[in-house]
> 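Can you keep this structure in mind? I'll have questions shortly.
Lettering of chains follows the sequences in order, A, B, ..., and the numbering in each one begins at 1.
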Protein chains: 2
Amino acid sequence: MSETVKIQDVAKAAGVSTATVSRTLSNPSVVSERTRKAVLEAVRATGYRVNRAARNLRTQRTGSILTLIPNIGNPFFSQIIAGIEQVFSEAEYSVLVSDTANIGPAGTPLSHVFQDGRADGVIVLDGILPLSSIESVKGTPNEHLVIYACEWAEGAGIPSIRSDNRSGAIQAVNHLADLGHRAIGHICGPEDNVLTGVRRAAFFEAAEARGLDVRPEWVFPGDFKLASGAAAAEAFLGLKERPTAVFSASDLMAMGFISRLSDAGVRVPEDLSVVGFDDIDLAPYFRPALTTIRQDRMELGRITAQTLLSRLRRPTEVQPDFLHIVPVELVERASTAAPAR
Amino acid sequence: MSETVKIQDVAKAAGVSTATVSRTLSNPSVVSERTRKAVLEAVRATGYRVNRAARNLRTQRTGSILTLIPNIGNPFFSQIIAGIEQVFSEAEYSVLVSDTANIGPAGTPLSHVFQDGRADGVIVLDGILPLSSIESVKGTPNEHLVIYACEWAEGAGIPSIRSDNRSGAIQAVNHLADLGHRAIGHICGPEDNVLTGVRRAAFFEAAEARGLDVRPEWVFPGDFKLASGAAAAEAFLGLKERPTAVFSASDLMAMGFISRLSDAGVRVPEDLSVVGFDDIDLAPYFRPALTTIRQDRMELGRITAQTLLSRLRRPTEVQPDFLHIVPVELVERASTAAPAR
DNA sequence: CTGAAAGCGCTTACAG
DNA sequence: CTGAAAGCGCTTACAG
């Protein structure tokens, strides 16, 4: 690999113009077979590779997609990103993954991503991204190249792919009711998160539909993470009257909850049934194995990527209210059982 | 955001040349204060943003770093990437995360990443990447812009940042020996992984140093994942004579192992002590809380990024044998205790 | 089917 | 301190 070889060098080696080399590489069918062979051979011989920056500048695209996540350190997102990456790498796009915090100082308009030429499309996995940032793309040609996955923001008018959170919560409550539980509690996600509201509302709705008892002190605050589940357990242990079952808005909180409870001698499922949400890899290996609502995160990522990809290919088609809901299912394991007594 | 505004438009608005606009933006000190103010105001008024592709083409750099991981779906890497991202986003670099599989068809030379103008530097978190791929950068100006983190390949002659795997394994064995265990086993990582070899060798070395009994049938194959821990448990349960303690090369395998064992009535730590490796977030919440070797993955990511960053800034400095080892520590929890009897 | 030429939007010696 | 001009390496109408 001596000096970098350019299209010029290939053209010279093949005895054709740079235009022909370019065509052979990007649109081979318009070139005669004889020429194509000569060019391809010259490419091989020289070790030529197209320079991206030059191509991007000329074609006015970047070949990359930006994925914005609230916290790159949170393993919850890795499966989703794997799904996204799978689809886009086949389509010859690079996937950039970034903390929402890293797109710039607070309040940075999302439109900058496009203006800077950093990406051809954006997948937002973070419902907390300020609406004002999202709105900066409204009315621009890039408006339909932004898409929410997993989380979303109410009223953003941006297409969204998400799990069926409502159904998941209802399935959890129904499962508990079917087992005979009459008094149930809930561990919530963070208050500023859209998933929290949907899952909680569906929890109340289903509990009411089944005539279950839910008291305000049985609804515990949380943030989807392990420690907040343990904190909920502390609150639970201080209760005079306890529910016989708890639905947690995430598996991680369910695990933190059960851990702390087991230290205090409360047995799951004998003394208390617990249902989680997500079905992370560990759920079947936790003891008791966690009954939970399975989210197909890989699939969610794939569908999101396919949706964005089709928009990148047919830029005219705009449907801002596009909404795709991925089904979830209850996975019954060992953390739920009929109530004692 | 009408049409895209270019440096030309700013120049016109400020009454200066494009050269002066460019200088104001990239090297403000060479411009007079009066001019600078006028330009900045024109930038503000027009909403100008530098086009990356144009800048990249002109400056012959990309402003991105490529991070290659064996499996983007594996949460083990997310903390490392978070550390990398943190450092590089401050330095105004984008971080591209990609499955090793996605750099191209098997055997794709790593040098392509540079030739394509896809990244200014590469962080390889995957020791399995073929040596021939790595070697393609040898002798090129990009040779010292490739760096291993976490894993590595023996003989690649590429700088490497890694945890002190040897010390970790020795600490695990010593902890077990100190508790009074005389017969110990090991669950290995995948055979084609460098970490597997180092941890296993150190395990044997320390066991011998402490005069412990290790039998071939107590060394279980694995792949770092949950299911292989459960498989090791099956093998363990079939043993006529069992060790009283096991050191697992990953936390995930330790958890899979303990889960399956507890189903079979083997209690940890009463009947068997188990030490993991990694200290993933769940380790303190698993029951029994896992005694393990803590790897500071965020720090590992940060150091890797800083090392690569300094090389990007001073391209002359080449030290192919650069090796940085991040300390690990034993975290004692509830999965280890003195042997019974 | 192919080539000559313009131009994508910047940055940077060079000259003054 | 500033400007005119070249050029980074491609792609793509346009013409033939």
> Using the rule given for side-chain contact (heavy atoms from CB on, under 4.5 Å), can you reason through B:Val124 versus B:Ile158, listing the C-alpha separation, both sets of side-chain angles and the distance that settles it, and then say yes or no?
CA-CA 10 Å; B:Val124 185; B:Ile158 293 287; over 6 Å; no

> Whole angstrom is fine here: how far is it from CZ in A:Arg55 over to P in D:dG9?
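That distance rounds to 15 Å.
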
> So that I can tick it off, tell me whether A:Glu299 and A:Arg302 are bridged by a salt bridge, with the cut-off set at under 4.0 angstrom between side-chain N and carboxylate O.
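A salt bridge links A:Arg302 with A:Glu299.
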
> Determine the interatomic distance between P on C:dC14 and the same-named atom on C:dC10; round to the nearest Å.
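Nearest-Å result for C:dC14 against C:dC10 at atom P: 24 Å.
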
> Between C:dT2, C:dT11, D:dT11, which nucleotide gets closest to the side-chain atoms of A:Thr59?
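Within the option list, the nearest is D:dT11.
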
> Tell me whether the guanidinium CZ or amine NZ of B:Arg297 lies under 6.0 angstrom from the six-membered ring centre of B:Phe76 and within 45° of its axis.
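The answer is yes, since B:Arg297 meets both limits relative to B:Phe76.
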
> Using the side-chain heavy atoms of B:Val50, tell me which of these nucleotides is nearest: C:dC10, C:dT12, C:dC8.
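Between C:dC10, C:dT12, C:dC8, the one nearest the side chain of B:Val50 would be C:dC10.
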
> How far does the P atom of D:dG9 sit from the matching atom of D:dA13, given to the nearest Å?
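Nearest-Å result for D:dG9 against D:dA13 at atom P: 23 Å.
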
> Judged by each residue's nearest nucleotide on DNA chain D, which is more toward the 5′ side, B:Leu57 or B:Ser29?
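Counting from the 5' end, the first nearest nucleotide belongs to B:Ser29.
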
> How long is the line joining NZ of A:Lys6 and C1' of D:dT11, in whole Å?
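My rounded result for the distance is 17 Å.
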
> Take atom P in C:dT11 and the same atom in C:dA15, then report the distance between them in whole Å.
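Nearest-Å result for C:dT11 against C:dA15 at atom P: 22 Å.
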
> Using the rule given for salt bridge (charged side-chain N to carboxylate O under 4.0 Å, His left out), can you reason through B:Glu135 versus B:Lys138, listing the C-alpha separation, both sets of side-chain angles and the distance that settles it, and then say yes or no?
CA-CA 5 Å; B:Glu135 273 161 1; B:Lys138 289 301 180 72; 5.7 Å; no

> Can you find a pair of side-chain heavy atoms, one from B:Leu96 and one from B:Thr67, that are under 4.5 Å apart?
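The answer is no, as the side chains (C-beta and beyond) never meet within the 4.5 Å cut-off.
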
> Check every atom of D:dT11, D:dA4, C:dG9 against the side chain of B:Ser17 and return the nucleotide holding the closest atom.
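Closest of the options to the side chain of B:Ser17: D:dA4.
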
> Starting at the 5' end of DNA chain C and moving along, which residue's nearest nucleotide shows up first, B:Ala19 or B:Ala54?
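By nearest-heavy-atom nucleotide position, the 5'-most residue is B:Ala54.
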
> Have a look at B:Arg23 and say if it touches a base, only the backbone sugar-phosphate, or nothing, with a 4.0 Å heavy-atom cut-off.
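Contact class for B:Arg23: base.
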
> Tell me, what's DNA chain C's dot-bracket, Watson-Crick or G-U with both distances under 3.5 Å, | for other-strand, [ ] crossing?
|||.||||||||.|||

> Counting only heavy atoms from other residues, nucleotides and ligands, does the tally under 6.0 Å from CD of B:Glu41 exceed 12?
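It does: B:Glu41 CD has more than 12 such atoms within range.
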
> May I ask you to evaluate whether B:Thr20 reaches the phosphate of D:dG3, defined as a side-chain N or O under 4.0 Å from OP1 or OP2?
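Result: yes.
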
> May I ask you to establish whether B:Arg49 and A:Phe114 are in a cation-pi arrangement, using a distance under 6.0 Å from NZ or CZ to the six-membered ring centre and at most 45° from the ring axis?
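Geometry flag: not set, cation outside 6.0 Å or 45°.
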
> So what does A:Arg49 hit on the nucleic acid, given a heavy-atom distance under 4.0 Å: a base, only sugar-phosphate, or nothing?
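Sugar-phosphate: the residue A:Arg49, judged by heavy atoms under 4.0 Å, touches backbone atoms but no base.
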
> May I ask you to decide whether A:Lys37 forms a salt bridge with A:Glu33, counting only side-chain N to carboxylate O separations under 4.0 Å?
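A salt bridge is present here (some side-chain N lies under 4.0 Å from a carboxylate O).
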
> How many Å lie between CG on B:Asn56 and P on D:dG9, as a whole number?
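Taking CG of B:Asn56 and P of D:dG9, I get 13 Å after rounding.
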
> Can you find a side chain N or O atom of A:Ser32 that sits less than 4.0 Å from OP1 or OP2 on C:dT2?
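So the side chain of A:Ser32 is within the cut-off, an N or O lying under 4.0 Å from OP1 or OP2 of C:dT2.
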
> How close or far is atom P of C:dG9 from atom NZ of B:Lys12, stated in whole angstroms?
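Nearest whole value for this atom pair: 13 Å.
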
> Just the rounded figure in Å: distance from P of D:dG9 to CZ of B:Arg52.
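After rounding, the gap between these two atoms is 20 Å.
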
> Could you tell me the separation between the CZ atom of B:Arg58 and the C1' atom of D:dC10, rounded to a whole number of Å?
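Nearest whole value for this atom pair: 15 Å.
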
> D:dG9 C1' sits how many Å from B:Gln60 CD, rounded?
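Roughly 8 Å, once rounded to whole Å.
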
> Starting at CG of B:Asp116 and ending at P of D:dC10, how long is that distance when rounded to a whole Å?
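To the nearest whole Å, that distance equals 10 Å.
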
